[in-house]
Novice: 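Sharing a structure here in structure tokens format.
Order of the sequence lines sets the chain letters (A, B, ...), proteins ahead of strands, with each chain counted from 1. All of these numbers come straight from a predicted model, not from anything done at the bench.
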Protein chains: 2
Amino acid sequence: MTIYEGTMEKKGISQAVIQRLPRYYRYLEDLMDQNIDRISSSELSKRMHLTASQIRQDLNNFGGFGQQGYGYNVKNLHEEIGKILNIDREHPMIIVGAGHLGIALANYTNFRKRGFVLRGIFDSNPKLWGEKVGDLKISPMEEIESVVKQYHIRLAAICIPKDVAVPVAEKLISYGIDGLWNFAHVDLEVPDHVVTENVHLSESLMRLSYRVFEERS
Amino acid sequence: MTIYEGTMEKKGISQAVIQRLPRYYRYLEDLMDQNIDRISSSELSKRMHLTASQIRQDLNNFGGFGQQGYGYNVKNLHEEIGKILNIDREHPMIIVGAGHLGIALANYTNFRKRGFVLRGIFDSNPKLWGEKVGDLKISPMEEIESVVKQYHIRLAAICIPKDVAVPVAEKLISYGIDGLWNFAHVDLEVPDHVVTENVHLSESLMRLSYRVFEERS
DNA sequence: TAGATTGTTAATCGATTAACAATC
DNA sequence: TAGATTGTTAATCGATTAACAATC
């Protein structure tokens, strides 16, 4: 897609690999919980239902984290993948839309654990303003800009209806947001420097429907 | 994966294609809302940021829905994809776990629109029993079995913590559930006849983090 | 009919798997 | 050292794209 020129830091890692990274991270976490401190690609491949070859290929996109004859050090690999995913430090974020889904995300303690710190939750409905969510209060949309600028926020979850998602996303981008976690049922068209990650729940449910109800022999 | 023998109905459609089907469905819906009643693969490819070739290939996995020199009839194609996805009829489903996420899903009117009819929402916390969610009441887990059997339910959304997700999923399967929509942070190991669709939100957020904070040149 | 656009085959591209030499 | 397991190259497999004849 993008043509890199001159001194480039990182060769293009394929989306398929990036897709799998957080899953490796989760499995390594589980291993740590079980006090397992080394693992071979073949043992991990059995647990994850992948091939050992794929695991080694994936990891070698980022450097040699293993050791011949030994395997991988769980704690070390976990940390390295954390660095790759950029979750080795805190990232402030906001949630736009305080409906059930926005509230659900705000209450997800797992995100905090991964370093994502909620700095604001906003809604256009005045009835919700001031209502507490964790240790934050729901604020009017008009306050997004100042919060984003104050905390240099780059990540925003979009939990509003699809018809308002497009203009709101544009505003967010103009404030400096460049990572949109989009739960609205639209594909957002964004400038090149902005990244979107879509979570289209109804599409996920339709895929399940396809697979459950397809004729199997 | 599976080896089909004898008279088989459907050749294996690749996951990549299935992944895209609900998105086609959504775009066709948008076209209908705009009163557009025919579209060529090339026009659709521009809107969806795909190649026209891919669209034609994808659709031809299921049959020739287009017409040379004309393109595709939007309404017709929408209906055909609906049939493929098995959302041309109603599917009862349940939600297990009435935390914020379970409640959020229960309130998603979009699912109902796609034919997914909520028949029960359950939680182990007695304090929640009897509380209203839409026109349902939160019920104890003990009642899952009878509801599943009464309505011949095959789909269940799992919105409970990861440590209880595994045993609960096993129970659900024993009651006849064979489609698990899993929001817990575990990969469920299920028998061959059961299908799982995972929505691992924290993994999605980590992918966003990777892409936003990776060094770009 | 002529023009447009599909359905489909062939070519290309990329991702996964296999194999094995390097090395801890 | 011998055994185990990585890192990496080569082979395979599958998915995407290109091309074009069929046909509405």
Novice: Could you grab the distance from atom NE2 of B:H49 to atom CD of A:E189, nearest 0.5 Å is fine?
Specialist: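 Reported to 0.5 Å precision, the distance equals 3.5 Å.
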Novice: Which distance, rounded to the nearest 0.5 Å, do you find between the CD of B:Q15 and the CD1 of B:I18?
Specialist: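 Reported to 0.5 Å precision, the distance equals 4.5 Å.
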Novice: Who does C:dT17 pair with, Watson-Crick or G-U, both distances under 3.5 Å?
Specialist: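 The base-pairing partner of C:dT17, which may sit in any strand shown, is D:dA10.
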Novice: Between P on D:dT5 and CD1 on A:I55, what's the gap in Å once rounded to a whole number?
Specialist: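 It is 13 Å, rounded to the nearest whole Å.
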Novice: Report the base-pairing partner of C:dT5 (Watson-Crick or G-U wobble, both distances below 3.5 angstrom), or none.
Specialist: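 Matched C:dT5 with D:dA22 under the 3.5 Å cut-off.
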Novice: Tell me: CD of A:E43 to P of D:dT5, nearest whole Å?
Specialist: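 For the pair A:E43 CD and D:dT5 P, the rounded distance is 10 Å.
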Novice: Rounded to whole Å, how long is the line connecting atom CD1 of B:I13 with atom P of D:dG14?
Specialist: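 Whole-Å distance recorded here is 14 Å.
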Novice: Take atom CD of A:Q68 and atom C1' of C:dC20, then tell me their distance rounded to the nearest Å.
Specialist: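 About 12 Å, once rounded to whole Å.
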Novice: Look for any protein N or O under 3.5 Å of an N or O in nucleotides 9-12 of chain C and output each such pair with its distance, or none.
Specialist:
{"residue": "C:dT9", "atom": "O4", "partner": "B:Q57", "partner atom": "NE2", "Å": "2.9"}

Novice: Can you tell me how far C1' of C:dC20 sits from CZ of A:R56, to the nearest Å?
Specialist: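 It is 10 Å, rounded to the nearest whole Å.
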Novice: In Å and rounded to the nearest 0.5 Å, what is the CG to CE distance from B:L21 to A:M206?
Specialist: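 Atom-to-atom, B:L21:CG and A:M206:CE are 10.0 Å apart.
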Novice: Calculate the interatomic distance between A:N60 atom CG and C:dT16 atom P; express it in whole Å.
Specialist: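 The answer, rounded to whole Å, is 15 Å.
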Novice: Does the ring of B:Y25 carry B:R114 above it, NZ/CZ under 6.0 angstrom from centre and within 45° of its axis?
Specialist: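 Judged by the rule (NZ or CZ under 6.0 Å from the ring centre, within 45° of its axis), B:R114 is not positioned above B:Y25.
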Novice: Atom CD of B:Q15 to atom C1' of D:dC13: distance rounded to whole Å?
Specialist: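 For the pair B:Q15 CD and D:dC13 C1', the rounded distance is 17 Å.
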Novice: Starting the side chain at C-beta, find the nucleotide from C:dT16, C:dT5, D:dT16 nearest to B:S40.
Specialist: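 The answer is C:dT5, which lies nearest to the side chain.
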Novice: Could you say whether A:A16 or A:Y70 is positioned toward the 5' end of DNA chain C, judged by the nucleotide with the nearest heavy atom to each?
Specialist: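 Its nearest nucleotide lies further toward 5', so the answer is A:A16.
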Novice: On DNA chain C, compare the nucleotides closest to A:G69 and A:R20; which residue's is nearer the 5' end?
Specialist: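 First, find each residue's nearest nucleotide; the 5'-ward one identifies A:R20.
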Novice: Quick one: B:L59 CG to C:dT6 P, roughly how many Å, whole number?
Specialist: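 Rounded to whole Å, this separation is 10 Å.
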Novice: Phosphate oxygens OP1/OP2 of D:dC24: is one of them under 4.0 Å from a side-chain N or O of B:Y72?
Specialist: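 Answer is no, no contact under 4.0 Å.
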Novice: Regarding A:S41, tell me which of base, sugar-phosphate or nothing describes its non-hydrogen contacts under 4.0 Å with the strands shown.
Specialist: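 Counting heavy atoms under 4.0 Å across all strands, the contact made by A:S41 is with sugar-phosphate only.
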Novice: Distance check: side-chain N/O of B:T51 vs OP1/OP2 of D:dT17, anything under 4.0 Å?
Specialist: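 So the side-chain polar atoms of B:T51 do come within 4.0 Å of the phosphate oxygens OP1 or OP2 of D:dT17, strictly under.
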Novice: When you measure from the side chain of A:H91 to the backbone N and O of A:R154, does any donor-acceptor pair fall under 3.5 Å?
Specialist: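 No.
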Novice: For the NZ atom on B:K149, are there more than 12 heavy atoms of other groups (residues, nucleotides or ligands in this structure) within a distance under 6.0 Å?
Specialist: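 Enclosed.
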Novice: Go through the side-chain N and O atoms of A:D187 and A:H200 and say whether any donor and acceptor fall under 3.5 Å apart.
Specialist: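 Short answer, yes.
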